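Following this message is one structure expressed as structure tokens.
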Amino acid sequence: MTFGIHAGLWMDRWTQDPAPLFDRAARIGFDAVELSLLGIGPEQAARLRRAATEAGVLLSCSTGLGPEADPASADPAVRGHARETLARAIETVAALGSSRLAGVVAAPWGQFDPENKPDRAKRSAETLGQMQDQLASHGVTLGIEALNRFESDLTSTAAEASAIARASGAANVGVLLDSFHMNIEEKDPPAALRAAGDTLVHYHVSDNDRGVPGSGRYDFAADARALVEIGYQGWIVAEMFVRAGQPTSADLNIWRDIEPDVDAAAAQALAHMKEIFANVG
């Protein structure tokens, strides 16, 4: 099993250079670091790839699409921009030496249009399906993140995200499920994981307050059993956002310090992940 940490735990701004964080994550014991592409383009990829190799960590990537690149839009030009934006992201992921890209890719974050949801889901699936050749040629798998109701109306459950992934018809399109979001939206998170089945390509962990997994009330052991049952072979990445007072904090609605020490939080998260998910993968 590959255990990763999202670099956002330490970042003040999405444009901050993440390279110094690779050694930091490696010293704690993580196998991998997840990078947000919101501040990274192809021009930084070679340098970051070298830095990750030197630190001995693998890379995965997350991203989000804005309203101007909405794959679910009724406007063909906007959908075209979504394809162009995703193509650039896929190229960046490959240049980083990674094969994993996931995040807010079915519809823009914070955009809601429930009356047109069926049509939007259909268009989103079609747009993402059109990325298959690009994904396959670069060896990249794309994961649609299931968010909570305050962040998306299109993919606020695992079932909705999985339905779009399946409707895309693309072998390289699956879903990212996150314990923080499932804690809000799923009556039975392990059942959601089982239903996602082979569409699950990435899994994020944090506890119910977005802090250290195992420090709150989320049942990670039940998720681990579900992952074993579906034969999940993907990564497990701690995506914790725990610091207030930074530009990134405002983006994620973190208004108080969730954990007092970010390095200690990362170490505690890894210890819990290794204990609970030892038999997964």
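Being a predicted model, the structure only gives us computed values, none of them experimental.
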Any side-chain hydrogen bond (donor to acceptor under 3.5 Å, both in side chains) pairs touching residues 246-259, not counting sequence neighbours?
Trp14-Asp251
Could I get the full list of salt bridge (Lys or Arg N to Asp or Glu O under 4.0 Å) partners for Glu115, not counting sequence neighbours?
none
Between side-chain atoms of residues 274-281 and protein atoms elsewhere (two or more places apart, or another chain), which donor-acceptor pairs fall under 3.5 Å?
none

Does Arg210 reach the side chain of Val242, with side-chain heavy atoms less than 4.5 Å apart?
no
What pairs of residues pass the salt bridge (Lys or Arg N to Asp or Glu O under 4.0 Å) test when at least one of them lies in residues 120-132, not counting sequence neighbours?
Arg120-Asp153
Enumerate donor-acceptor pairs with a distance under 3.5 Å from any side-chain N or O in residues 218-228 to protein atoms, sequence neighbours excluded.
residue	atom	partner	partner atom	Å
Tyr218	OH	Asp223	OD1	3.4
Tyr218	OH	Asp223	OD2	2.7
Asp219	OD1	Ala221	N	3.3
Asp219	OD1	Ala222	N	3.1
Asp223	OD2	Tyr203	OH	2.7

Can you tell if the side chain of Leu65 reaches within under 4.5 Å of the side chain of Leu86, non-hydrogen atoms only?
yes
CD on Glu68 to OG on Ser73, rounded to 0.5 Å:
11.0 Å
Those residues that, when tested against Phe241, pass ring-ring contact (aromatic ring centres under 6.0 Å, His included) (two or more places apart):
His6
Regarding Asn116 and Asp119, is there a side-chain donor-to-acceptor distance under 3.5 Å anywhere?
no
Using the side-chain hydrogen bond (donor to acceptor under 3.5 Å, both in side chains) rule, collect all pairs that involve residues 76-85, keeping only residues at least two apart or in two chains.
Arg83-Gln130
List for me each residue that meets salt bridge (Lys or Arg N to Asp or Glu O under 4.0 Å) alongside Asp12, sequence neighbours excluded, and say none if there are none.
Arg243
Connected-component partners of Trp235 among ILVMFWY, side-chain separation under 4.5 Å:
Leu58, Val237
Charged N to carboxylate O below 4.0 Å: is that the case for Arg194 and Glu186?
no
Taking atom types as modelled and ignoring hydrogens, do the side chains of Ser60 and Ser98 form a donor-acceptor contact shorter than 3.5 angstrom?
no
Kindly give the cluster partners of Trp109, where membership spreads through any ILVMFWY side chain lying under 4.5 Å from a current member.
Val104, Leu147
Distance, nearest 0.5 Å, that separates OG1 of Thr141 from CG of Asn172
5.0 Å
If you link ILVMFWY side chains whenever their heavy atoms are less than 4.5 Å apart, which other residues fall into the same cluster as Val78? By chain and number, please.
none
Run the numbers on Arg100 and Glu34 for salt bridge (charged side-chain N to carboxylate O under 4.0 Å, His left out), then give the verdict.
CA-CA 9 Å; Arg100 316 182 69 80; Glu34 187 156 311; over 6 Å; no
So, the side chain of Ser124 versus the backbone of Ala106: is there a donor-acceptor pair under 3.5 Å, distance only?
yes
With sequence neighbours excluded, what pairs up with Glu151 under the salt bridge (Lys or Arg N to Asp or Glu O under 4.0 Å) test?
none
Are Asp207 and Arg217 within salt-bridge range, i.e. N to O under 4.0 Å?
no
